[in-house]
Amino acid sequence: MKTQILIAALFFGGLVTAQQKKDSLKVNAIDAVNIKKQVFKKQGDRLVYDVASSSIAKGTNTFNLLKQTPMISSIDGKTLKILGKNDAVIYINNKKTNMDSEALIEMLKSTPSEDIQKIEVITVPGSEFQVESKEGVINIVMKKSKNNGYNGTLKMQNEQAYYNNPNAGASFNFRQGKWSGNSNFRTGSWTDRQRYTLSNGDPTFKNESFGFNDDPNKNFGGGFNVDYEINKKHSLGFSYNMRYNKSFNSVLDITNWQNGVLNNRTVNNEDAQTRNHSFNLNYEMKTDSLGSRLTSNISYLWFNRDKVSFNESFPLTNDTINKYSALHQSVPQIINNYAANIDYLKKTAKGATWLMGISYNHTNTDNDTKQDKLIGSDFVIDPKQTNHFIYKENILGIYLNYERKLTEKISGKIGARYEMTRSTGEILEKTGFERNYNNLLPYLNLNYAINSDHNLSYTFSSRIRRPRFWELNPSRTYFTPTNYTQNNPFVLASKFYNQELNYMYKNAFYANLSFNMVEDASASDMLPLQGTLTTPERDKNGNIVYGPGGNMIMRTTRFLRYIRTNYGKNRELALTLGMNKSWFKDIWTTNYSVNLGYVTYKGGVWEDPTSQLGQYESESLDPYIIDVKNYNMSATINNIIRLSSKKDWFLGVNYFFASQTAMEGGMIGARQSFDLSLKKIAGDWTIVAEVSDLFNQSFYSVKGVQPNGKYNNITNFNYPRLMSIGVTYNFGNQKLKKAREMKSANDAVKSRT
């Protein structure tokens with residue numbers, strides 16, 4: 001009996017064991033079938049969108065792919081925003097792109113999405129990144145393969161807005177042994193059409209202007225990147241990028257009314273050309289098998305913009321005050337930048353990472369502005385608006401980061417960037433200034449992986465925003481003789497303090513709470529300053545006119561000038577709630593986000609630092625008071641629907657809404673955009689038809705009212721509805737590894753041109 005029990009026990013034990021093994025095999029098989037790579041996840045200081053594991057990343061371009069990436073949006077097809085508010089700086093394989101913004105967007109639109117492995121969104125970048133203010137970083141990681149060969153892309157697109165705008169591009173990549181390289185070329189033409197409605201005044205006076213601007217553009221650009229792998233530890237690379245834009249016969253036509261009475265008409269004809277050349281030499285040495293490396297760069301950037309204009313103002317009434325007037329203007333700008341940097345990344349056997357580096361930038365800008373005004377029948381030099389402005393800037397930066405995993409669940413990154421800035425500005429034979437300042441910019445990131453479903457992180461960063469070089473050039477752009485924009489060479493750098501708390505649930509749902517403080521803030525757009533200018537009356541030859549008693553006859557005119565200057569401080573609290581998730585076996589992919597914000601702007605402008613008064617002239621400026629508190633919200637809803645089981649037809653349905661938003665210059669009106677797209681993939685061919693902003697609702701409108709009753713309203717309708725059709729052909733070995741992207745030492749300067 002005991003033997004039978006023992007045999008039965010062994011039998012059933014074996015049966016149970018076998019059953020467990022069979023069940024285990026079943027489970028493992030099921031697990032193997034159901035294993036699905038996470039498409040969207042949090043890693044350290046960044047959010048990672050694994051494009052290669054997403055079904056929507058086929059047959060499109062990188063720019064459209066970025067618009068579908070969580071936390072990234074674009075409402076105008078020309079710029080990218082992070083969390084709906086922060087400007088984005090593009091990096092490729094952790095190296096900042098080496099081209100100006102318009103050329104960069106064209107490059108992204110011509111890069112196939114199949115080349116992308118993943119997209120990393122860094123909302124608060126660390127000390128190693130060359131960014132300013134509250135800019136975020138989008139790092140595009142390319143696919144890697146060791147295959148030799150070549151591949152390329154040809155693309156043609158036609159866009160229909162108010163005018164028809166064709167463009168085309170081509171890219172070519174090769175790899176052979178130790179040599180690799182890529183090149184690209186883009187060309188196109190477009191004409192911007194904008195309709196303006198401007199009004200300003202107070203309860204006793206009203207000035208209104210209506211008109212349009214036609215700005216035709218032709219451009220071509222491109223570049224190449226060559227990389228040579230000397231051996232397994234040493235690599236040498238060289239890159240060159242260029243862009244040329246020509247905008248001839250740009251016309252701004254404005255008709256002006258005062259207190260409901262037709263006054264005058266101003267026509268401005270402008271010709272402009274922009275040239276941009278940049279060079280970069282890169283050397284990289286791998287120092288160990290853990291991934292440590294030394295990287296160095298030497299860069300040169302040459303930027304040149306020539307602009308000449310002829311501005312005429314025609315009287316439309318028979319009064320003696322409004323007379324025919326005209327002026328010629330030449331506003332060239334030349335920028336030379338020399339830069340170098342050395343970075344050393346050290347990885348330890350315990351998993352810690354050190355990054356230390358030093359960078360140097362020297363920039364020289366030359367702005368020789370000339371302006372002639374009509375006196376009598378001759379054009380003579382206007383000494384107040386003719387100036388030769390030289391600006392020189394030297395920036396030495398030293399930075400250090402330390403990153404490590406503290407426990408199984410907690411990791412951290414701490415760093416700092418120390419920048420020494422020495423700059424001088426001189427308006428030759430008139431005035432000058434010198435600014436020397438040092439900034440210590442700390443950084444901290446803590447990441448807590450609570451469990452596989454929950455992740456929490458905190459980030460702090462400090463940055464500065466230096467004025468763009470064109471903002472410093474003391475020149476004017478006229479709408480009318482008394483309504484113009486005025487650049488300011490005396491604007492100061494602003495200091496930014498950024499904090500962020502981020503929570504992610506199941507790698508699909510996220511919440512982002514941020515708080516930003518700005519000191520010495522300058523307006524995100526130009527501030528409208530109103531006042532009166534009193535000048536002696538002059539005859540047609542420019543001579544002062546005297547009255548019967550021998551006193552000068554004085555003339556008082558109202559002006560409205562838009563100026564960028566420091567005004568005070570601002571605070572911004574924002575909450576973003578988002579979701580990125582696929583449904584019904586990836587047939588429907590959603591990317592939704594809602595942004596809620598509260599902003600305060602505090603300060604004012606009591607004098608115009610750019611005023612230049614002649615003899616016997618006086619000016620009275622109305623104080624511009626900034627005391628703004630505002631709640632705002634925006635929402636982005638992106639849908640990609642797969643229409644066929646073969647994954648060759650896709651429908652895109654997107655919607656964007658932004659509520660009224662208060663800024664320093666006034667209240668920006670609500671905007672929205674409804675977009676549709678249809679994509680067909682046929683082998684190596686992709687055809688995309690799109691309609692952006694179907695209902696023409698994403699134009700710019702602002703209304704500003706001061707406590708004293710002064711107001712300034714602007715509506716800029718730029719015909720935002722855009723219909724386009726594009727054809728892309730990919731040829732060659734699509735698994736080819738691209739050349740090593742190289743960081744340029746003068747990246748921070750490019751964003752300021």
Side-chain angles (χ1 to χ4, degrees), residues 38-50 66 68-73 80-89 91 94 118-129 131 133-141 401 403-415 441-463 496-517 571-581 590-599 632-636 638:
Q38 294 174 343
V39 175
F40 184 50
K41 57 187 175 182
K42 185 76 166 63
Q43 285 186 344
D45 62 349
R46 62 199 64 192
L47 293 151
V48 180
Y49 182 41
D50 198 326
L66 288 172
Q68 297 293 333
T69 300
M71 295 191 176
I72 302 176
S73 62
L80 294 165
K81 294 286 186 180
I82 297 178
L83 297 173
K85 55 187 176 65
N86 298 351
D87 291 331
V89 180
Y91 278 66
N94 294 310
K118 59 184 177 180
I119 296 171
E120 299 175 342
V121 182
I122 310 171
T123 53
V124 183
S127 304
E128 71 274 23
F129 290 99
V131 296
S133 61
K134 55 181 181 180
E135 293 173 335
V137 167
I138 299 173
N139 183 38
I140 302 170
V141 180
N401 281 340
E403 182 176 8
R404 65 164 296 174
K405 193 171 184 179
L406 303 175
T407 68
E408 285 300 316
K409 294 185 176 183
I410 300 176
S411 60
K413 181 178 180 180
I414 188 171
L441 309 172
Y443 173 85
L444 173 67
N445 172 261
L446 293 173
N447 192 72
Y448 178 36
I450 303 171
N451 54 42
S452 59
D453 289 339
H454 303 270
N455 186 280
L456 186 66
S457 66
Y458 168 80
T459 309
F460 170 83
S461 176
S462 175
R463 294 287 180 173
F496 284 72
Y497 304 92
N498 309 313
Q499 296 186 76
E500 181 182 281
L501 187 65
N502 186 279
Y503 168 72
M504 179 168 285
Y505 174 64
K506 288 191 174 180
N507 294 303
F509 305 90
Y510 60 89
N512 184 285
L513 180 66
S514 63
F515 179 65
N516 301 309
M517 301 172 54
R571 306 289 185 263
E572 181 177 13
L573 179 66
L575 172 65
T576 299
L577 303 174
M579 173 189 72
N580 180 265
K581 190 172 178 59
T590 56
N591 176 21
Y592 297 168
S593 66
V594 176
N595 304 294
L596 307 172
Y598 176 72
V599 296
N632 59 80
M633 68 86 64
S634 64
T636 301
N638 293 334

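Here, residue 1 is the first one in the sequence, and each next residue gets the next number.
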Original post:
His454 and Tyr448: side-chain donor and acceptor closer than 3.5 Å?
Top reply: no
Original post:
Between Ser634 and Asn595, is any side-chain donor less than 3.5 angstrom from a side-chain acceptor?
Top reply: yes
Original post:
Is the shortest side-chain N to carboxylate O distance from Lys134 to Glu500 below 4.0 Å?
Top reply: no
**OP:** Evaluate the side chain to side chain contact (heavy atoms under 4.5 Å, CB included) criterion for residues Val599 and Asn632: first the C-alpha distance (whole Å), next the side-chain angles of each, then the deciding distance (0.1 Å), finally the verdict.
**Re:** CA-CA 8 Å; Val599 296; Asn632 59 80; 4.3 Å; yes
Original post:
How are the rings of Phe509 and Tyr505 set to each other: parallel, tilted or perpendicular (split at 30° and 60°)?
Top reply: tilted
**OP:** Please round to the nearest 0.5 Å and tell me the distance separating atom CE of Met504 and atom CG of Asn580.
**Re:** 8.5 Å
Original post:
Are Val131 and Arg463 close enough, and set up right, to give a side chain to side chain contact (heavy atoms under 4.5 Å, CB included), and what steps lead you there?
Top reply: CA-CA 8 Å; Val131 296; Arg463 294 287 180 173; 3.5 Å; yes
Subject >> Tyr91 versus Glu120, side-chain donor and acceptor atoms under 3.5 Å >> reply: no
**OP:** Could you pull out all residues at least two apart from Ile414 that satisfy side-chain contact (heavy atoms from CB on, under 4.5 Å)?
**Re:** Tyr402, Leu444
Original post:
Quick one: do Asp50 and Lys118 make a salt bridge, cutoff under 4.0 Å?
Top reply: no
**OP:** Report the C-alpha separation of Ile138 and Ile82 in whole Å, then their side-chain angles, then the decisive distance to 0.1 Å, and conclude whether the side chain to side chain contact (heavy atoms under 4.5 Å, CB included) test is met.
**Re:** CA-CA 9 Å; Ile138 299 173; Ile82 297 178; 4.0 Å; yes
Original post:
Judged by atom type as modelled, is there a donor-acceptor pair below 3.5 Å linking the side chain of Thr69 to the main-chain atoms of Ile72?
Top reply: no
Original post:
Among all residues two or more places apart in sequence or in another chain, which pass the side chain to side chain donor-acceptor pair (under 3.5 Å) test with Arg571?
Top reply: Glu519
Original post:
Is the backbone of Ser133 close enough, under 3.5 Å, to the side chain of Asn498 for a donor and an acceptor to pair up by distance?
Top reply: yes
**OP:** Return the set of residues passing salt bridge (charged side-chain N to carboxylate O under 4.0 Å, His left out) with Lys405 (not counting sequence neighbours), or none when no residue passes.
**Re:** Glu408
**OP:** Consider only side-chain N and O atoms of Asn591 and Gln68, and report whether a donor and an acceptor are under 3.5 Å apart.
**Re:** no
